[in-house]
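Both ligands and their constituent atoms are indexed starting at 1 by order of listing. As the structure is a prediction and not an experimental result, all values here were calculated from the model. We count residues from 1, following the sequence as given.
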Amino acid sequence: MLSKMLADEIRLLPYFTREKREFVMLKEQNMEQAAAEVLNPFAIAQAQLDEAADILQLEPEMHTFLREPMREFHFTFPVRMDDGRTQVYSGYRVQYNDARGPAKGGIRFHPDETIDTIRALAAWMTWKTAVVDIPLGGAKGGVICDPRFLSSTELERLSRGYMRQIARYIGLHKDIPAPDVYTNPQIMAWMMDEYQVLTGHQEPGVITGKPLEIGGAAGREDATARGGIYTVREAAKVLEIDLVGTTAAIQGYGNAGQFAHLLATELLGMKVVAVSDSRGGIFNPKGLDVTAVRAHKANTGSVINFAEADNISNEELLELSVMVLFPSALENVITRRNAHHIDATIVAELANGPTTPAADEILYNKGVYVIPDFLCNAGGVTVSYFEMVQNSYQYYWDELMTQQRLDQKMTTAFHAVHNMAQTKKVNNRVAAYLVAVNRVAQATRLRGWV
Ligand code: GLU
């Protein structure tokens with residue numbers, strides 16, 4: 001909020017000398033910055049932990065230990081481009097915490113990647129594996145690049161180049177990468193192969209989210225969305241809502257968003273009325289056909305300009321009046337600016353970090369039921385864990401078995417969090433932290449670290 005005096009000065013700007021004008025403008029900028037919401041994902045992750053640590057009355061040493069990553073690696077590596085040039089890329093791998101087991105988490109290829117986003121995502125992986133109670137820690141990796149502008153051969157060389165950097169720090173018993181934003185099973189296949197070239201032996205469980213033909217798990221592809229859909233089903237039960245025929249909006253149309261569209265329709269009988277990607281959104285109150293929208297995106301590169309819908313902006317999509325809103329893309333889409341306008345009964349966070357702490361408070365006070373990210377999207381890493389298990393004993397389950405075991409994990413985790421929220425009278429995110437941090441802290445104590 002600008003002070004009245006500053007507002008008056010801004011109104012008089014045209015009448016001031018250049019120096020005075022510059023001085024007033026600088027003051028305005030500083031005021032705005034001071035009033036701005038903190039959007040650094042790692043600062044957010046730490047603030048969320050702080051709140052949980054306070055309620056859990058964590059010992060100060062434990063709190064300090066859990067606030068920072070245990071290990072992080074920064075790399076610079078060259079990649080030969082198709083035209084013969086060499087392009088130098090930067091990447092990271094952060095092993096946030098491995099008290100409960102080997103570190104685990106995906107690799108993102110994104111132009112806006114920073115060490116702080118990777119740190120935050122690695123922290124959230126730590127809480128994610130703990131909340132679904134699988135014997136793993138948390139990690140995350142990333143390369144600053146825009147894969148949409150790389151050819152397939154360039155992407156392969158980039159993937160292999162990144163693996164050459166991380167290979168010595170990862171392994172089935174150390175740290176196991178997986179897909180994330182803009183990485184996919186083919187990229188996992190190249191990386192697994194490069195790891196084998198470097199080590200001289202087969203170790204498929206070193207990376208998950210692989211194609212089925214080379215050690216992938218049946219059911220891994222839709223696992224993130226499927227796990228999220230199970231939590232929505234459970235949320236509807238506790239809220240006593242019948243979801244059949246109700247509406248959903250999906251922000252983000254990558255792996256999680258596309259499968260959420262399919263499964264919200266197939267498993268919950270819902271009507272998906274709006275979806276969006278980085279170029280914009282589409283809306284049809286009668287519902288969007290998943291096969292047709294996916295085909296349209298495959299052909300044109302985006303969901304926008306779909307014949308049987310109107311174009312809308314991402315911002316408009318988030319504020320639609322729907323039963324379930326699925327933020328399924330990146331961080332910080334529900335903030336102090338728009339949280340008051342969110343008009344969904346349930347927000348199911350398939351993305352990591354889509355809601356800021358200030359927005360969390362607003363949503364909670366409005367009575368919106370948020371299924372927090374590291375619970376809602378834990379299906380991906382849960383089936384990654386199943387993939388590692390199958391790789392280790394070289395015997396593969398069918399898809400139904402995976403789905404049943406995933407359902408069991410997600411349902412148990414959901415109710416642990418929901419009950420914690422009810423007992424402690426906190427929002428679901430804080431409750432999820434209480435469950436997860438407690439488990440990680442206990443493992444840390446048992447190991448004798450703190
Ligand atoms: N990238 C996914 C996540 O954020 C999956 C991680 C994994 O399977 O290890 O949960």
- Message: I want to know if ligand 1 touches N377 in the polar sense, i.e. an N/O pair below 3.5 angstrom.
- Response: no

- Query: Checking R439 against W127: charged group under 6.0 Å from the ring centre and within 45 degrees of the axis?
  - Reply: no

- Does L121 approach ligand 1 within less than 4.0 angstrom via side chain, backbone, both or neither, non-hydrogen atoms only? neither

- When only distance counts, is I176 in polar contact with ligand 1, meaning an N/O pair under 3.5 Å? no

- Query: Touching ligand 1 at all, P177? Heavy atoms, strictly under 4.0 Å?
  - Reply: no

- Quick one: does K140 get within less than 4.0 Å of ligand 1, heavy atoms only? yes

- Task: Evaluate the side chain to side chain donor-acceptor pair (under 3.5 Å) criterion for residues R226 and Y230: first the C-alpha distance (whole Å), next the side-chain angles of each, then the deciding distance (0.1 Å), finally the verdict.
- Result: CA-CA 6 Å; R226 182 175 287 275; Y230 292 152; 3.2 Å; yes

- Query: Using heavy atoms and a threshold below 4.0 Å, how should the contact between M188 and ligand 1 be classified: side chain, backbone, both, or neither?
  - Reply: neither

- Task: Kindly confirm or rule out a cation-pi arrangement of R294 over F259, judged by NZ or CZ under 6.0 Å from the six-membered ring centre and within 45° of its axis?
- Result: yes

- Item | Identity of the nearest option to atom 5 (C) of ligand 1, non-hydrogen atoms only, from K128, R220, M388 | R220

- Going by the angle between their ring planes, with limits at 30° and 60°, are F75 and F73 parallel, tilted or perpendicular? parallel

- Is K104 paired with D98 through a side-chain N to carboxylate O contact shorter than 4.0 Å? no

- Does even one non-hydrogen atom of G209 get within less than 4.0 Å of ligand 1? no

- Note on the structure: ligand 1 atoms nearer than 4.0 angstrom to some heavy atom of M125 are 3 (C), 4 (O), 6 (C), 10 (O)

- Do the rings of Y182 and H110 sit parallel, tilted or perpendicular, given the 30° and 60° boundaries? parallel

